[in-house]
Amino acid sequence: MIFNSLTGRKEALVPLVPGRVGMYVCGVTVYDHCHLGHARSAVVFDVIRAALIDRGYKVTYVRNFTDIDDKIIRRAREEGKTSEEIAAAYTASFHEDMDRLGVKRPDIEPLATGHIPDMIAIISALIEKGAAYSAGGDVLFRVKKFSSYGALSKRSLDEMLAGARVEVSEHKEDPLDFVLWKASKPGEPAWPSPWGPGRPGWHIECSAMAMKHLGETIDIHGGGHDLLFPHHENEIAQSEAYTGRPFVRVWVHNGFLNINREKMSKSLGNFFTIKEVLARFDPEVVRLFLLSTHYRHPIEFSDQNLRDSRSALDRAYRFLDLLERERKDASSPVHGGGGGPEDGGTSGGDLLEQVRRFEDRFDEAMSDDFNTPIALGSLFDLVRDLNRQIVSERSLGRSVPTELLGRAGEAVRRAGRILGLFQHDPRAWLEGPGGRDGDERRREVERLVAERTAARKARDFALADEIRRRLEEEYAVVLDDGPGGTIWRRKAEEGSGETGKSGGEKRGNGEERRGEAGKRGNGEAE
RNA sequence: GGCGCCGUACCCAAGUGGCUAAGGGAGCAGUCUGCAAAACUGCGAUUCAGCGGUUCAAGUCCGCUCGGCGCCUCCA
């Protein structure tokens, strides 16, 4: 089941072509670095795509770049560069962010500037059909000609007019009409067209790119909730007026990422870039955080929430590490841990049952409108259940059959592949980042641990404790004496501070606020 | 002004008519441990913003009130 913004309820996904899903998601306008709100959208649809593939669909995922637009032009002018240079730079920045977040590349990443002829073709056809008109070098869509306008955003033409915030331009026949083609001013980037040099309006590019790559009717069209109106409403109008067929079967909109209860956005200036966040938190921590709330609900960005996610992720990795160590122990002759495959016993049966139950619950959750919070809940249930089993077997002098340990680990890893989590080796994750000094640090830690083990053997606990203290203070390493020897892991480090402390103070100046300052809450209360 | 969303324990967060209100984080206590850590066990909402209503049964449906937010303009 998948929630469709158009119908307002969950529906079964019925692709146009059985077994294949065409999915288009509105990408970003490449005029600046992306903030965490953009990351949410990308991660959400990354997971949706993976869940669909897991369910056996052949998915074609298209996500565009808006690489020509007023903001890009403005930015280029400010920096004395070309629009192309700006677009290229921030496209690269976006890719870097996505790669770090483990967001897989879509199958196709079309550029608006690469589809100008397609847009012109659509616009020309719309004019012929009387759905659009040219005026003063612009081409506008005649909204009143499209009777079902407002179906997606559930508002009537009258209501929209009553809103009175619609820009009334001199060329418009009607205030609600929107631009398909925009005449360029001298010096601005321009493409030749039947209506003179100009550039595409924002909405037409998505229609053109979606239809070009996925056909006239696409199965899933997604984007942030803020795109629902007018962007997606306009896409529907122009596309359906053009083809006469339904444009999209299921509309999917992700909720906002809030900060201090407000939407994180460029125009409010209350954003943290993905790079800023990743400087303080591991990408998987960020992903877990983003997936811990259902994709349609708002999620609150805060240091505390990120730290909670880090703790939760550590718990999962500790569990995965335990599985692997148990496996080694059980198969090592030294331990002779009896847990051969035939040792199944009663607990083995329970355990297999628990793993299966987890798989079922996980799939069920993901199938129910991609309910990642429930999916994660089922995962942590499994963690608790298996930890419990392992402890109880241990107390009986036995170990859990290695096959089942492997089966459990695989189940978690499969879930992790869909969510983009648990992609690290558990020991490497727990021990902390390697890097240039990593090996050096590791050797030193190992040496101290061995030294302490010797001290413990000699029952020199004073020295052992001293070494532990040193490891914690100098290496931020915490020790864990277990039946299989001493293991160590990095202490959950405190974030380095700056970014999160302010907790979303608005950025005072910044170009984003230009002309917008005071739009809200500028102190002039009535 | 129009349309819409949200309000669940200290924090985060599922649950959308019916078993004891998932799960994570934090806290406290216990088991284990030379000491720790982890893990496990127990404690923690007789209650789901408030008030009415529908129903045999409501956190879940309806109405009102209070509080927060979003879209209507570029925005994931």
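Residue numbering restarts at 1 for every chain, and letters A, B, ... go by the order of the sequence lines.
Residue contacts for A:Arg456: at a heavy-atom cut-off of 4.0 Å it reaches a base atom on one of the strands shown. A:Gly223 comes within 4.0 angstrom of the backbone, heavy atoms only, and of no base. Within 4.0 Å (heavy atoms only), A:Asp481 reaches at least one base atom of the nucleic acid. Using a 4.0 Å heavy-atom criterion, one finds that A:His297 contacts the sugar-phosphate atoms exclusively. A:Asp465 comes within 4.0 angstrom of a base, heavy atoms only. Residue A:Arg9 is out of contact with every strand shown, counting any heavy-atom pair closer than 4.0 Å. Among the heavy atoms of the strands, none lies under 4.0 Å from A:Leu322. Across all strands, A:Phe256 comes closer than 4.0 Å to base atoms (heavy-atom distances). At the heavy-atom level, A:Lys154 lies under 4.0 Å from the strands shown only through sugar-phosphate atoms. Looking at heavy-atom distances under 4.0 Å, A:Phe229 makes contact with sugar-phosphate atoms alone, never a base. If you check every strand for non-hydrogen atoms under 4.0 Å, A:Asn254 touches a base. Within the nucleic acid shown, A:Arg155 comes within 4.0 Å of at least one base atom, counting heavy atoms only. If you check every strand for non-hydrogen atoms under 4.0 Å, A:Gly27 touches sugar and phosphate atoms only.
Side-chain nitrogen and oxygen atoms of A:His231 include none within less than 4.0 Å of the OP1 or OP2 phosphate oxygen of B:C74. One finds a side-chain N or O of A:Arg315 lying less than 4.0 angstrom from the OP1 or OP2 phosphate oxygen of B:A39. Remark: A:Arg384 is not in phosphate contact with B:C40, judged by side-chain N or O atoms under 4.0 Å from OP1 or OP2.
The gap from the C1' atom of B:G15 to that of B:C6 amounts to 15 Å, rounded to the nearest Å. For B:G4 and B:U65, the P atoms lie 16 Å apart once the distance is rounded to whole Å. Nucleotides B:G59 and B:A9, compared at atom P, are 15 Å apart to the nearest Å. Using C1' as the reference atom, B:C11 and B:A45 are 14 Å apart when rounded to the nearest Å. For the C1' atom pair drawn from B:G17 and B:G53, the interatomic distance equals 16 Å after rounding to whole Å. B:G30 and B:A38 have their P atoms separated by 16 Å, with the value rounded to a whole Å. Only the P atoms considered, B:G63 is 24 Å distant from B:G70, to the nearest whole Å. Between the C1' atoms of B:U41 and B:C32, the separation comes to 11 Å (whole Å).
Of the candidate nucleotides B:A38, B:A76, B:C74, B:C74 has the atom lying nearest to any side-chain atom of A:Ser267. Listed candidates were B:G34, B:A36, B:C40. Nearest to the side chain of A:Phe461 is B:G34. Comparing B:C40, B:A76, B:C12 by their nearest atom to the side chain of A:Leu227 picks out B:A76. Listed nucleotides B:C35, B:G2, B:G24 differ in distance to A:Arg452; the shortest reach to its side chain belongs to B:C35.
Under the Watson-Crick and G-U wobble criteria, each requiring two contacts below 3.5 Å, nucleotide B:C51 is paired to B:G63. Base pairing annotation: B:A29 forms a Watson-Crick or G-U wobble pair with B:U41, both donor-acceptor distances under 3.5 Å. With a 3.5 Å ceiling on both atom-pair distances, B:A36 lacks any Watson-Crick or G-U wobble partner. Nucleotide B:C56: paired with B:G18 (Watson-Crick or G-U wobble, both distances less than 3.5 Å). Nucleotide B:G1 forms a pair with B:C72, judged by Watson-Crick or G-U wobble geometry with both contacts under 3.5 Å.
Formation of a donor-acceptor pair under 3.5 Å by the A:Lys328 side chain with backbone atoms of A:Glu326 is not found in this model. Distance alone, capped at 3.5 Å, places no donor-acceptor pair between the A:Asn64 side chain and the A:Leu111 backbone. Judged by distance alone, the side chain of A:Asn258 and the main-chain N or O of A:Lys263 form a donor-acceptor pair under 3.5 Å.
Atom CG of A:Asn270 and atom P of B:G70 are 9 Å apart (whole Å). The distance from atom CG of A:Leu313 to atom P of B:C12 is 20 Å, rounded to the nearest whole Å. Rounded to whole Å, atom P of B:A36 lies 14 Å from atom CG of A:Leu479. In this structure, CZ of A:Arg468 is placed 15 Å from P of B:U33, rounded to the nearest angstrom. Distance A:Arg318 CZ to B:A38 C1': 6 Å, rounded to the nearest Å. When the P atom of B:A39 is taken as reference, atom CG of A:Asn387 falls 7 Å away, rounded to whole Å. Atom-to-atom, CG of A:Asn258 to C1' of B:A13 comes out at 15 Å; the value is rounded to the nearest Å. We find that CZ of A:Phe380 is positioned 7 Å from P of B:G25, with the value rounded to whole Å.
With hydrogens and angles left out, the side chain of A:Arg296 and the base of B:G4 share no donor-acceptor pair within 3.5 Å.
Side chain to side chain, A:Ser93 and A:His33 meet the donor-acceptor criterion of an N or O pair below 3.5 Å.
Partner A:Ile86 forms a side chain to side chain contact (heavy atoms under 4.5 Å, CB included) with one of A:Lys71, A:Arg74, A:Glu79 and no other, that one being A:Glu79. Just one of A:Arg427, A:Arg327, A:Arg489, A:Arg315 meets the salt bridge (Lys or Arg N to Asp or Glu O under 4.0 Å) condition when paired with A:Asp321; it is A:Arg427.
Within the cation-pi definition used here (under 6.0 Å to the ring centroid, within 45° of the axis), A:Arg296 qualifies as a partner of A:Phe3.
The existence of a salt bridge linking A:Asp32 and A:Arg75 is confirmed by a sub-4.0 Å separation between a basic side-chain nitrogen and an acidic carboxylate oxygen.
Taking the six-membered ring for Trp and thresholds of 30 and 60 degrees, A:Phe289 and A:Phe301 have ring planes more than 60 degrees apart, a perpendicular arrangement.
Where A:Val478 and A:Asp308 each meet RNA chain B at their nearest nucleotide, the meeting point lying more 5' is that of A:Asp308. Nearest-nucleotide positions on RNA chain B place A:Ile374 closer to the 5' end than the other of A:Ile374 and A:Arg261.
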